[in-house]
Structures are given as structure tokens and as C-alpha cells.
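For reference, the structure discussed in these notes is given below.
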There are 2 protein chains.
Amino acid sequence: MQGLMQDWPLLTTRFLTHADINHPTREIVSMLPEKAEKLGQFRYTNADMAQRARQCGQALEKLGVKLGDRIGTLAWNSHRHVEIWYAASGVGGVTHTLNPRLFPEQLIYIMNHAEDKLLFLDITFVPLIEKLAEHLNSIEHFVIMVGADDMPETSLPNVLCYEDLLAGEDGSYEWPELDENAASGLCYTSGTTGNPKGVLYSHRSNYLHTMGALSGDTLGITSKTTILPVVPMFHANAWGIPYATAGSGAKLVLNGPHHEPDILHDLIIQEQVTVTAAVPTIWMGMLQYLESTGKDMGKLKVVTIGGAACPRSMIDTFQRKYGVRVNHAWGMTETSPLGTIGSENAYIENFSEEEKLDIQCKQGRSIIGAEICIKDDDGNIIPRDGETSGRLMIRGPWVAKTYFKQDEENMLDTEGWFDTGDVACIGPSGYMHITDRAKDVIKSGGEWISSIDLENAAVSHPNVTEAAVIGVYHPKWDERPMMAVTVADGASITTEEMHAHLTGQVAKWWLPDDVVIVDEIPHTATGKISKKDLREQFTEYKLPTY
Amino acid sequence: MQGLMQDWPLLTTRFLTHADINHPTREIVSMLPEKAEKLGQFRYTNADMAQRARQCGQALEKLGVKLGDRIGTLAWNSHRHVEIWYAASGVGGVTHTLNPRLFPEQLIYIMNHAEDKLLFLDITFVPLIEKLAEHLNSIEHFVIMVGADDMPETSLPNVLCYEDLLAGEDGSYEWPELDENAASGLCYTSGTTGNPKGVLYSHRSNYLHTMGALSGDTLGITSKTTILPVVPMFHANAWGIPYATAGSGAKLVLNGPHHEPDILHDLIIQEQVTVTAAVPTIWMGMLQYLESTGKDMGKLKVVTIGGAACPRSMIDTFQRKYGVRVNHAWGMTETSPLGTIGSENAYIENFSEEEKLDIQCKQGRSIIGAEICIKDDDGNIIPRDGETSGRLMIRGPWVAKTYFKQDEENMLDTEGWFDTGDVACIGPSGYMHITDRAKDVIKSGGEWISSIDLENAAVSHPNVTEAAVIGVYHPKWDERPMMAVTVADGASITTEEMHAHLTGQVAKWWLPDDVVIVDEIPHTATGKISKKDLREQFTEYKLPTY
């Protein structure tokens, strides 16, 4: 027997319409890639954005966009990017956000694999795309996201001007009632092996992910929030924040191409930002800026940090000195991305400050709708004892079941769990702690050593600016840890000094057999340490303990 | 093209499982109908509840419950009621909560119409059901929700003991993966005309309603919340609170059959309740209790009030004197029930305290997922000017499309809106204000007079304890308002005194043509003023201005 409730498909445009009708005067402030403009000069309202997104939707239909067509975007966080983001999926297409930090060959591969029909790009990326254009097989039009006055000279074929496109439409358009399981977004993961793989979001998955993001414990968003998602929209949908702001009536602040601490700080102060989200390197820079200028963080209350782990000392300083709560979040492109959040639950409410900081260094607890568990190699769920680690698994309505154009490949286990490739444990408090990537874990004498724990402990040494640990062949132990570090200007560190520093922080048998100072530690396009590249650099290397 | 995200049906058991796995030690405290026990003596954890709900599920299957079977409950808010609530829908049945305050004939009609297969009842209601049993056509077993020691002597046939049922099962049970559109709950509205009508909730509608309830601006629930839903589970699912507590890890406090202010107050203080929800009469009683004892509200921070409008003075006192934020919520059985909430949005953030109080007297603003609008008699949407009133319409995934066993009757308009039967207006701030029930509005000379506004203004007179206004035939104006009032012991009021009191609060032409003191104002089973009964009492009445 079916229930007798309304059929109301869960669509991404629901959020935009909610904002338009219920919070029409709430502001969106955007910095623009094409102008060295005064800070926060461009601002308009939810009603304006909804109107322009409808105009954009009309323009897309005129350009022949049909159900399921992929629309690429290569753009910073800006009001125009949010407009096209809503419009492309709103008319039934698929918003495909591209990461400009990828290698050109990857961008070519991705756009051809996705068969993008249109590409919307910021003026910043015109030179990049001019170089690749001859290899792009499916793109019918390149739409440069500027007004007519700012249109550049370009060798690109079939170029259109974004503002001209919109000016040709009146916005009297109703978003179609699509199937909620229709594809709405596409984002490729830049895996460290093989070609990038596309995650194909549905309207339903984006809607439910947003409801998870809006729940009281997740990002801390209400109608009164002003939020600056420093995390880019091409990085797993800016963690769903542009949907969450529209769904809550929060004010959205967009930093365009600007990631410098002084500009971000000015924006936070001027716009009275209360919540923000970014990767740790951004906040590392911000902290240095604050310390050197003596400035404070204004009305900022919550920072959500994801993409990598934030050092304990940084969490502590932000909270004690600047009054900003730091929450780790963990997720992946395959998980839309929010899976866990580090906000305080009742279990730890009466813990000491130090115990709470320990918990905050973990990756957080399950958001309702994102089930997590840890499985051993035989596929059994490991108890939440806070010690036993294993494969981190996740399932739920905003987790991928397979990749784009790999429909036939089921990548879930028999119980529907997706293997994240992370090694983690979960404590009785519910907080999950990632100890490694499965492929980076060091297997020494049959036991596991966490490269991530070693790295986190190493960077708290004042001489060390970054650390990366890999397993290297050892005839007796099979693998032993080798630590590569970069050091501060003029500083140095020996293996013995590092051992002294690590002792007490990690088990004795975890101490790296060697510490090697390098000029630079290799990174992936999304700013993570590339252990694959590091291993390649050290192919010929032998441990001193060999 | 379909998205490639996981198939994860939205089921009510998701919340219970989330609580079991992520917040296993969080408490549920329950008062029991069968015992004059010490306050809060019964307490257990989410893990216990999940275990017992699974045992209950096993027992239901043994009793032959099949997909779609209706399971009646006639019970106060207690841990057992929540267990059966989850178990009945979890195994694929339909949890049918019955309101014990209905007239016996209505209860008989409803149970037969629903074809309840089982009835779970508190010991309190055994005498009531014994009297009705011979008229109940479908019930195979009566399950009394007590332990064996407390089982009463009864004339009921096929009686089972709840705790014995559970004791026979081990709880090693997995909730089936049902169709999310399957019926999960049933609740009848006690309309003022005709037979009661059943609203048939689906798993999906309950899931999405809960996510709406959990969003940061709605009920103010996080993992650290302790919530006492004084509102009964038979009153529109206790506004979804038992799902929301499980979904967030909040602590749930259940008051059993106790609604006396001193017991509720003791419970709030002892269990450190931070959030609660009830109808205004409960809070009226609480306020008198506080004023007469000089006590405070402990850690209570937010009260959500629904079912009727809360007087401005009461809102003001709770906030200023007791530090408890008062939010109106509006909804109906047909809307699961949450439609709007009175929490502060950014639009009114900088209003003066008085202006904010004005807004708080309204019924609140749209929760994301519950679309509202006001339509005129021609079906056109009226602008949100805060003045023009019309029919309040609502649509969304947790709004009914028709009633149980009326599948063929579409009760929505062509755009999918459900007519609430309320007359309201919406302001530019987004806050909605109900001015009347459509059938109670007084049409005087072609213009509308709000009976509710008149009543609210009248009760602020110190001599008046309750007021009800109805339209009475008038040869010149068609209808004119007549006000019936009850007065405080020994007090009195004349029409002239009421006019003096109302002047300045309402338009001059709204002043009632007569004020009549009555012993009692009739109420419906859910505690609302019954204008139908009042009109019947005054059938022969003629206005002095006739």
C-alpha cells in the first residue's frame, strides 16, 4: 500500500526557488575574475540571481541543450558560476564543473569523456583553453563569463558572451518538473592512478546532501548566517554550500579568483562572514596573516576544514585566540562530498578541553544519511573501539554507486558499501579517525604504520614545514617508513632529532628509518601530497637500515 | 540520463538505526502510564530502544502483520509507544496513532475505517476500549502496553501483554528495505464536519519531514539538545520529534500521561530539557505555575508552540523573564505537520524588540520543502504585502494529496496546492499570519473581519479568560460579529467595556455588535474552539443591532 502524499520531485532548483520566494532580498556578494574591482563591489539579491538563472536557462534551451547534455564550467566561485550551475541542471542538463588546476591532458581527457556540449569559462582561463581547443571534440560553443565590454580577443571558435546571452532573455521561465533521479551534476576525481573518473550526481542526491548539510549539527547554517565558501565549486560542489545558502536564506559571499589571506580577511570583515569552509593550507596562511598583523576574525564563528587534516595547534589557536570553532569535515567527490563532521556531540560535551581537542583532530562523525563503518579485509564490520582500524566504508543516498560510463561496473560490496580507500577507526564517541590511505599504509612486520599520523606529528617540529612518509622495501620487515621533509629557510633536521621529537607521540617501532630533506614535496592538482610521485622520486633509494 | 548515485530508500527506520549506531548511549527518559513512579525513573538508551523495537518487529511478524496492515496505538508519549511506532512501520505496516480524546463513536468509526489489525493500548485506556470492543470489527489482538505484573483484569478478548511479546524475541532482526513510497503512518483529522479523514503518510514523507525539522532554523535540535515533546504522538506525530531526536542524537524525554505544570516543570529541571514543544494552553498553565512559585525554567532555551496562537504577552514574558525563546509553528495533520516556523530570519534581525514581537505573533515562515502561498478566490497567488489576505495553500513532499480510501479524489488544485482552509497573509519578511479559518471568517458588507484577531485582542482584557467570535446574520451587513466570552471568577464585562478595550487594536467597523458572557466555550477533541458547536448554541440568537 502506497502512502498518499504529494509527488514533489527533489530538484536542485527547489533551493533557488525557495530563496527567491522566501528570502528575496538576501544578498549574494561576488568578486569577479575579470576585474581588479573594489572589494565586494558586485552584490545583488536572491531574487536577482533567480531571475538571471531563469534567463540563463532560457538561453541554454535556445542553444539546443537537451535532457542529459553536459555543460562544462571552468570558473572560480562567482555569482555567474552559481547562475549557470543552477540553470544547466535546472533545464535538465548536467552541470560539469572542471578543475582548472588539472594538467592540460587531464582537462582534454575529461571534457572529451564527458562530451561537454558547451563550456562556460572565466576570462582567466581563455589562454589555457585556446591552447587545448583543437583537442576538444564535443564543444559547440565557448561562453566567456563576462559582459560585452570585457570580452577578450580570442582564437577560440564559436565564442559567446555570457551577459549578451542573458540579455536576450526575459526570465519568464518555469523550471521543468524533472525526474528526481535524473543526472544533475558531474565531477571528475583526479585519481592518482589511471584516468580521472566522473561522479554523476542526481537531483535527488544533491537535494538530500543539501538537507544533510543544513541539519543543525553539520555546517552551522541558518538564515542569519553569512557564509564564504573558499572551497571552489569545482572541488566537489563547494561542499554543497551554494545550495545550502539558498535553502536556508543565508548570505553567500564569493571570493572569485582571490585566495590571498589579506583579501579573504578583508572580505570576512567587510561582509561580516560568520561561517566559512576551506582546505587547511588556506587557514594556515590566514593564521600567519593574523599573527603578523594582529588583526582578529570579526564575526567569524565556525570554520569547516576538509580535504586534509588540520594540525592540532592550529585548531587550538583559532579557537582560543580568535574565538572561531574549527570543525573537520571528511568526504570525497564520490560522496557529494559530506560524509562526516567534527561538530561536538553530547557524548563529548563534558570532556576536558584537551580531550575535546583530541576528538577535533579526528575527521568527525556521521551526518544523518551518510552511514559509515570500518571493515576488515574479510568484509566484517569492526567494532567502534577507537583502536582497531580497517577500510572506511560509506553508503547513503548521496554516495556514488559507479562512475560515469561505467554503468555496468558495480563498485559497491554486497551490502551496498562503497570502499573509500581510506584506512580509519571509529571511537565509541562516533568520531572517525583516518590513519591512512589504504595504498599508503606501511606494512611493517605484518603490522600497520600510519603514514598520516607520522606526518602530523612531524610537522609540529618548528624546523619542519611539510612532511610525507612512504613505505620503502626492507628485507626483514617487508616495509619500513621513510620520511621526506621540507624545512624552514636556513633550518635543518637530522633523523635523530626527528626521532627525539616523535618519541612519545607515536609507538617506538613507528619511528622512520630515515629522514630526508627535500626541496619540495610533490602535490596533486587538488593540493594533496602525491605519494605516487614521491615514490617515483625515491625508486632507486635504499634505506640506511637495509 | 539517470544519475549514478546509490539507491537508498528513505525509510523511518533510518533514524532509529542512525541513533543505534552513532549515539548508542544517549538516553531516553520516559514516564509510565501504569505507575505512579518516581519522576524519570525509567530511562534507557538509544541502543536499548533499537534492540526492543527490533524485538517488537519480530513479534509483529509472528502476529501475522503483512505489508500495509494498520496497527493502532492508543497511548501517551512513552518509550513503548516510540518502540511500536518504529516497529509497525519498520516491518512494512502502518502505525496508526489514535487520539484518546475523541468521542467514542469517532474512535469506533476510525478504527473500523482504518481496519486496524492490532491495537496497542496503554493501561489507562483499557476501560474505554472495553466499552467499545464489541463494535470494533477488525482488531485481532489487543496488546496492553505493560509488563506481566501490571496486566489488568479485563473483559477484552484476545489480550496480549506487551512485555511478554517482546520477551519472546531476541532482536536479531534486520529492517527490510521497503519501497520509500510505501505507507508508514496514518492519522485521522477530527474535522468539524463529516466523518474523520485519514492522512496516510509514506516513509518518504516522514523522512523528508524529519530532515526539514532538523534543519538549523526549525526546531533548534542538535545532538546536544534534550527535548520534551509535550505534544502527544497522536497529535500529528508529535510534530516528528521522536524521529528528529533519533536522527540527531538528541536526548528524548517523554511525559507519559502527565500534563500538570508542576510535573512538567520538575521533568524539565531534572532532565535539563533545552527544547520543548506544546500547545499554548500547556504553556499558559506553566506560566501561572512559574509566577506563583517563583521558579525558573532551568536550561530551557526554546519552546515551539503550535495548534493555536500564543498571546503576545505570554511570548514576551517567557523571553524577557525566563530567557526562553518562543517560536510559533504552524501545520496540520495533512502537512505531517510542520509547515512554517517562527524562528528569526535575517530580514528581521535588526528589527526593534517590539517589531520582533509583532512578527513572533504570526505563524512563521516556510520551512525548506514546505512551499506556501496565498491565493485569491480566482486561484491567483496574492503578493506578499503583509496586508492582502486569502486562502493559505501549501505543497511539498510531506503534504497529503488525498485522504485514505479516497484515492480517486484529487484534493489539490491544478498547480498541486492543498487548500488548508485557513485565511492568511504573508509579509515581505516571509512570515505568515493566519487571520481566520475560511469557514469562520465574518463577511460584513462584502469585507472580511478576522474572528481570530478579535479573539486575540479580547483575551488581553484582564476580566476575560477566553473569547470566541462568530458571524451572525444581519439584514443590512449580511453578517456581523458576536463575541462569546468566559470571565474570571467574580468578574464581568459589558459590550461597551469590550469596545473600549478593542478600540485601537482593531478597525472600528470590526467591533462586535454584542458581547455575551457564557459559562463555557465549546472545544473540539484536540482542544480548539468549536465554532460549529458555538453556532449551534446560538441558532436562535438575534443581534441587538438586528
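So that the names make sense, note that chain A is the first sequence line, chain B the second, and so on, each numbered from 1.
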Which bit of A/I394 comes within less than 4.5 Å of chain B, counting heavy atoms only: side chain, backbone, both or neither? backbone
May I ask you to name which of B/G247, B/G185, B/G249, B/G396 has the most heavy-atom pairs under 4.5 Å with chain A? B/G396
Quick one: what part of A/S366 sits under 4.5 Å from any heavy atom of chain B, side chain, backbone, both or neither? both
Side chain from CB out, backbone as N, CA, C, O: work out which of these in B/I221 comes under 4.5 Å of a heavy atom of chain A, or both, or neither. backbone
Quick one: does B/S336's side chain get under 4.5 Å of A/M5's, heavy atoms only? yes
Heavy-atom cut-off 4.5 Å, strictly under: side chain, backbone, both or neither for B/S215 against chain A? both
Among the options A/P9, A/G212, A/S248, A/A346, pick out the one with the most heavy-atom pairs lying under 4.5 Å from chain B. A/A346
Could you tell me whether the side chain of A/K401 reaches within less than 4.5 Å of the side chain of B/D7, counting heavy atoms only? yes
Can a salt bridge be assigned to the pair A/R204 and B/E180 using a cut-off of 4.0 Å between side-chain N and carboxylate O? yes
Interface residue of largest heavy-atom contact number with chain B, from A/G68, A/G430, A/A182, under 4.5 Å: A/A182
Under 4.5 Å heavy-atom distance to chain B, tell me which part of A/D179 shows up: side chain, backbone, both or neither. side chain
Answer with side chain, backbone, both or neither: which region of B/Y403 has an atom nearer than 4.5 Å to a non-hydrogen atom of chain A? backbone
Among B/P428, B/S202, B/P397, residue most engaged with chain A (heavy-atom pairs, under 4.5 Å): B/P397
Chain A contacts, top residue of B/I368, B/I372, B/V199 (heavy-atom pairs, under 4.5 Å): B/I368
Are the side chains of B/L200 and A/M1 in touch, meaning some heavy atoms are under 4.5 Å apart? yes
Is the shortest side-chain heavy-atom distance between B/Q6 and A/L412 below 4.5 Å? yes
Answer key: most heavy-atom pairs under 4.5 Å with chain B among A/R395, A/Q406, A/R14 is A/R395
Does a donor on one side chain and an acceptor on the other come within less than 3.5 Å for A/E371 and B/W8? yes
Do A/Y347 and B/H23 come close enough that some side-chain heavy atom pair is under 4.5 Å? no
Rounded to the nearest 0.5 Å, how far does CD1 of B/I381 lie from CD1 of A/I21? 7.0 Å
Nearest 0.5 angstrom please: B/N181 CG to A/Q2 CD, how far? 5.5 Å
Do A/P24 and B/R384 have side chains that get closer than 4.5 Å, going by heavy atoms? no
Any side-chain heavy atom of B/L10 sitting closer than 4.5 Å to one from A/L208? yes
Can you tell me which of B/V399, B/N345, B/L214 forms the most heavy-atom pairs within a distance under 4.5 Å of chain A? B/V399
Could you tell me whether A/K356 atom NZ has more than 12 heavy atoms of other residues or ligands within 6.0 Å of it? yes
Taking all heavy atoms of A/H18 and all of B/I367, pick out the closest pair and write down the distance. CE1-C, 4.2 Å
Going by heavy atoms in the side chains, are A/N22 and B/R365 under 4.5 Å from each other? no
Using 4.0 Å as the upper bound for N to carboxylate O, is an ion pair formed by A/E349 and B/K251? no
Donor-acceptor pair, A/T222 side chain versus B/D217 backbone, under 3.5 Å? no
Part of B/L178 lying under 4.5 Å from any heavy atom of chain A: neither
